[in-house]
Undergrad: 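Quick one: this structure, given as structure tokens, is what I'll be asking you about.
When reading the values below, keep in mind they use all heavy atoms of this one structure, side chains included, and skip hydrogens, waters and symmetry mates. Numbering starts at 1 and runs along the sequence shown.
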Amino acid sequence: MLQFLKALQTSVLAKVAGLFFLTLLLCIPLAEIDSINNARGESQREAAQELAATYASSQTMIGPLLLVPYVERWMEPLRDAQGKVIGQEQRSKEMVHAVFPDKLHIEGSMTPQERYRGIFKIPFYTLNATLTGGFTAFDPKVLPHSENDSKIEFKAPFIAFNVSDLRGLDGSPALVTGGEALRFKQRVPGLADNAWFADGIHAPVTGAALAAWQANTPLTFEMKLGLVGQDTLAIAPIADDTTAHLTSPWAHPSFGGRFLAAQRNVTPQGFDAQWRISSLVTSAREQVRAGLSGRVDGNDAAAVATASSARPQRNLGPLQTFDVSLAQPINVYSMSTRAGKYGMLFIGLVLMAAFMFELFRKLRLHPIQYGLVGLSIALFFLLLLALSEKFAFWIAYAACSQRQRCAARRVLQRRARWLATRPVVRCLHRAVVRRALWTARLRKQCAAARRAADLRHAGHADAGDAQGRLVCTVAPRGTHRTRCTRRMKFLRSALGALGWLALAALWFWAWHLKDPHLRFMRAWELPMLLGALGVGAVIAWRFGRRALRPVSLGLVFAALLTALGNEAASLHHRAAVPTSSGPLAQMLGAHFIVGYDDAKDLHELARKGLIGGVFITGRNVKGRTAIELRKEIDDLQALRREAGLPPLIVATDQEGGAVSRLSPLIERQPGLAALLDVDVPENELAQRAHAYGAQQGRALAALGITLNFSPVVDLRTGRAPGRWDLHTRIDERAISADPALTTQVALAYEQGLESAGVRGTLKHFPGLGGVTEDTHHFAATLRTPVARLATHDWKPFQDVSRNSNAAIMLGHVLVPELDAVYPASFSRKIVQQLIRGEWGFQGLFVTDDLTMGAAYNRGLCDATVRALDAGVDLVLIAFDHDKYFDAMHCAQQAARRGALDLPMLERSGARRLQPLR
């Protein structure tokens, strides 16, 4: 027992294991402090919600617009029970015609103010604005008659205006139209009660303004508005040409919405921002029409929408606006969260530094001292949170740092014997010391005896003494012992080298934690890595050289901190992305198609509009019926309808043959190349391909699939797959080596799919037939001259896309002649200049899976941002769907720092909603 205690006291490996365990144990107080910080942040949000409920909330401003109510009357035959006409009956219906301004200019200043709820400070603003503009002359002939021989009777028009929270109006707005001062009244008449625009205000057009309207002359208006709101002001650009100029002494604005400021100047004295937006680039008018009941025609008198079918709730979330927010420059809770994320790093580095001092300076430290130092660092973050709520963050950080430094110094300066206060501990300590001294004396005596025997052996060997001969007979044993010692040294060196290699490999593993290739071990990857780190450290320490042992500990701690950092980043992204909201998050989310294991994990993402589609593959159909899968998809689509969002794109990969992800729920068909096995006339071949696509399309549509990643229009090369081509194997999936024959079959197949309501996808541009690498794992380069590609490999892509609604899938293949840096899947030169520009393709682009090695190894974050900025419509993250959270987080950060082309993303979002022609 005493030997075991002595070994524990002197063993470096035991201390390393103890420090590792202590570091993990200190994660508990750090996690508790983080939960306290989150709770305080939630309390701040609740305080903001309480003030919004009792004072005013964020404001969204819509208007003014001119509403013209009218009654359409007509006669209908009156029939008896036998169907005979016995007379005529007059029918009528009331409708509203909406006239939007042709010009609208907003000139305003936002005066910030701060209100308190407890200790929480919430920013508000008071907007003093002048709205000027005009309405074009009203032409009654633009109104279409919904019934034959009907007559239209116009009523007095009125000007309507709406903000999301009317309690924020600072007095009644002053409106002057056509030289006549108009007075606003509550609600907007003529609209259904469930229409959110009905909650606004209206001003009847009277006097000179009414006379001007009746004379069919343009109306100008000027409106003085005072408005109080919390944090954010959003404005809907409903005019033909909307301009705005806002100023404020607030030095930390945040510009958002669908349209960023065209010009902005932010200084410590405040900001000055200008917007200019045309109705050609926004659908705000259509969204406002959806808030009116009955027939709500614009100046072109073309649209019909009802509030009940478009948006039954008064929720302006999806409305396209430009907005500015009074952002708080220092949010103590977010800064405390950021500081706390480095808690494990601080604890690990401090404990490692203390251990290095103990190792090299022979400074004995007790485990309790290590524990107290770690706790003092954890308490630093708790104290930082408490003080930062009362003082400036830098003052709180400096005070906490000084306090923590003093506490750690006092703990480390104490000797371990003063901490061992219990009698049992003291007795064990003395016994271990006595045992160590006795062992040391015995070793010295044995060493002295061996030296004396060696001297006697040398002297008696020269004299030929019998005792010397006896000693000489022992010499061969010593020689054997020497040989054994050499072998042990070699084995020790080999095991030490193996330990170093293992530590280096484990650090590489820690750096690539959560790699898609290791998805199969995702649930137990981190525990396995931590255990392997411990084993590797033991081997390197036990069999490595003494001088290099500290380096092994450094590698262990570096790998440990790397792994924990990657795990923390992954958890942070997984928690942050689902909580994001707003137009920017929805605009970015609409570009992602993600795979899944459990559809319930996607419910919140689908409801908030943070994804644009889902990918169905083999793991989603295994052991399930078609009815269960269809119900799962219908549930996701129902969530989208309830939130007033476009339906999800539901994609799959059903090529036929070897790639049939949905079989056996769908009958497994042979590959399209099988159609060429039978010699048939050209027209019959197209008919068979069309029937093939129609049959497959009906089966896919029955499950709710809307996008199929097929057909493969890469051309066959006739060569055998490469040694490392494990999954692509394009010659087994391609239709033919002839571009014309491939085009004929693919086009007929695509038209058959579309006849069932399913869109196909041409893959994999720029063609995988000319590459030997497997893009699932390795980078690939297409070295075929572009002139040859344009007249041969790319012909099926061009011809089929020109005559159908097929999307194009971009492969992760580098074409050095066009772009020597980025693969086609996120190359702006290839997407915009070649395909959009030279080809004139205006359909959908979708990337191949970004978790494939050819893209992921270049950096998932960079690949995602560059693909979106290149104008790719849909980004596919299917195999390792957990990587969606990392990719979405990167996209949001890029959009906030202005690294994405938001107008291009807006156009891309409109493309993905285009129906099949």
Side-chain angles (χ1 to χ4, degrees), residues 590 592-603 605-607 611-643 645-672 689-712 733 746 748-763 804-807 809 844 846 848-849 874 876-879 881 884 912-916:
F592 285 90
I593 295 182
V594 299
Y596 66 93
D597 289 328
D598 187 352
K600 294 180 180 178
D601 297 337
L602 299 180
H603 283 185
L605 300 177
R607 187 182 62 82
I611 57 175
V614 295
F615 180 76
I616 311 295
T617 188
R619 63 173 178 260
N620 304 117
V621 303
K622 187 176 181 179
R624 309 184 66 188
T625 64
I627 296 176
E628 291 173 341
L629 180 61
R630 180 57 192 255
K631 183 180 184 304
E632 186 173 87
I633 296 174
D634 289 344
D635 290 343
L636 290 171
Q637 300 289 25
L639 290 173
R640 301 282 287 193
R641 288 193 299 271
E642 292 172 2
L645 296 171
L648 291 170
I649 293 174
V650 184
T652 191
D653 202 358
Q654 189 75 10
E655 299 174 5
V659 182
S660 300
R661 308 299 185 193
L662 301 189
S663 299
L665 293 189
I666 292 179
E667 178 185 354
R668 183 184 294 271
Q669 297 171 285
L672 281 172
H690 186 280
Y692 181 108
Q695 178 185 349
Q696 190 180 85
R698 287 191 295 271
L700 293 173
L703 293 177
I705 307 296
T706 60
L707 178 65
N708 186 26
F709 295 151
S710 180
V712 176
R733 300 159 57 192
Y749 165 81
E750 170 64 22
Q751 291 172 346
L753 275 181
E754 293 180 7
S755 68
V758 178
R759 189 192 305 267
T761 306
L762 309 177
K763 59 184 190 182
S804 69
N805 296 282
M809 175 176 283
L844 287 177
V846 57
D848 211 342
D849 195 344
L874 298 171
L876 178 63
I877 301 179
F879 175 72
H881 48 82
Y884 155 76
R912 64 178 293 274
L913 299 178
Q914 291 177 354
L916 297 177

Undergrad: Drop me the distance from Leu665's CG to Asn620's CG, to the nearest 0.5 angstrom.
TA: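 Going from CG on Leu665 over to CG on Asn620, the span is 10.5 Å.
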Undergrad: Distance from Lys631 atom NZ to Glu628 atom CD, nearest 0.5 Å?
TA: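 With rounding to 0.5 Å, NZ (Lys631) is 10.0 Å from CD (Glu628).
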Undergrad: Between Arg668 and Ser660, what is the shortest heavy-atom contact and its length?
TA: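 Nearest pair, atom of Arg668 first, then Ser660: NH1-CB, 3.6 Å.
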Undergrad: Please report the closest heavy-atom contact between Ala651 and Phe709, naming both atoms and the distance.
TA: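 The pair with the smallest heavy-atom distance is CB-CZ, 3.8 Å.
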Undergrad: Does any non-hydrogen side-chain atom of Leu605 lie less than 4.5 Å from one of Phe592?
TA: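 The answer is no, as the side chains (C-beta and beyond) never meet within the 4.5 Å cut-off.
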Undergrad: Does any N or O in the side chain of Arg759 come within less than 3.5 Å of the main-chain N or O of Asn805, such that one atom is a donor and the other an acceptor?
TA: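 Flag set: sc Arg759 to bb Asn805 pair under 3.5 Å.
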Undergrad: Can you measure from CG (Leu874) to OG1 (Thr761) and round to the nearest 0.5 angstrom?
TA: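 Between Leu874 CG and Thr761 OG1, I get 9.0 Å after rounding to 0.5 Å.
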Undergrad: Would a distance-only check, ignoring hydrogens and angles, find a side-chain to backbone donor-acceptor pair under 3.5 Å from Tyr692 to Pro670?
TA: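 At least one qualifying donor-acceptor pair exists.
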Undergrad: Hey, are the side chains of Val621 and Leu703 touching, using non-hydrogen atoms and a 4.5 Å cut-off?
TA: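 They are not in side-chain contact.
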Undergrad: Side chain of Gln654, backbone of Leu700: donor and acceptor closer than 3.5 Å?
TA: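 The answer is no, because no donor-acceptor pair under 3.5 Å joins these two groups.
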Undergrad: Looking at side-chain heavy atoms only, is the closest gap between Val659 and Val712 below 4.5 Å?
TA: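 The answer is no; the side chains never approach within 4.5 Å.
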Undergrad: To check you understand the geometry: which heavy-atom pair defines the closest contact between Leu762 and Ala806, and what is its length?
TA: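 So the two residues come closest at CG-CB, 3.9 Å.
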Undergrad: Are the side chain of Arg661 and the backbone N or O of Ile616 linked by a donor-acceptor pair below 3.5 Å?
TA: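 No, the answer is negative, given that no donor and acceptor are paired below the 3.5 Å cut-off.
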Undergrad: Taking all atoms of both residues into account, what is the closest heavy-atom pair of Ala756 and Gly697, and its distance?
TA: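 Closest pair (atom of Ala756, atom of Gly697, distance): CB-C, 3.4 Å.
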Undergrad: Restricting to side chain to side chain donor-acceptor pair (under 3.5 Å), what partner residues turn up for Gln637, sequence neighbours left out?
TA: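 With sequence neighbours excluded, Gln637 shows a side chain to side chain donor-acceptor pair (under 3.5 Å) to no residue whatsoever.
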Undergrad: Nearest 0.5 Å, please: how far is CG in Leu636 from CZ in Arg641?
TA: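 Answer rounded to 0.5 Å: 10.5 Å.
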Undergrad: Which atom names give the shortest non-hydrogen contact between Leu648 and Gly613, and what distance separates them?
TA: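 Minimum heavy-atom separation between Leu648 and Gly613: CD2-N, 3.9 Å.
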Undergrad: How many angstroms lie between CD in Gln695 and NE2 in His690, if you round to the nearest 0.5 Å?
TA: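 Going from CD on Gln695 over to NE2 on His690, the span is 13.0 Å.
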Undergrad: I'd like to know if the side chain of Thr706 and the backbone of Val650 have a donor-acceptor N/O pair within less than 3.5 Å.
TA: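 Yes, the answer is positive, given that a donor and an acceptor are paired below the 3.5 Å cut-off.
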Undergrad: From Leu753 CG over to Arg698 CZ, what is the distance, rounded to the nearest 0.5 angstrom?
TA: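 Reported value, rounded in 0.5 Å steps: 10.5 Å.
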Undergrad: With side-chain hydrogen bond (donor to acceptor under 3.5 Å, both in side chains) as the test, pick out the partner of Tyr596 among Glu632, His881, Arg619.
TA: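 Of the listed residues Glu632, His881, Arg619, the side-chain hydrogen bond (donor to acceptor under 3.5 Å, both in side chains) partner of Tyr596 is Glu632.
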Undergrad: Pair Phe615, Asp653 - check side-chain contact (heavy atoms from CB on, under 4.5 Å), show working.
TA: CA-CA 8 Å; Phe615 180 76; Asp653 202 358; 3.8 Å; yes
Undergrad: Considering all heavy atoms of both residues, which atom of Pro711 and which atom of Leu672 are nearest to each other, and what is their separation?
TA: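 Scanning both residues, the minimum pair turns out to be CB-CD1, 3.7 Å.
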Undergrad: Is a side-chain N or O of Arg607 found less than 3.5 angstrom from the main chain of Ala643, in a donor-acceptor match?
TA: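 No, because the side chain of Arg607 does not come within donor-acceptor range (under 3.5 Å) of the backbone of Ala643.
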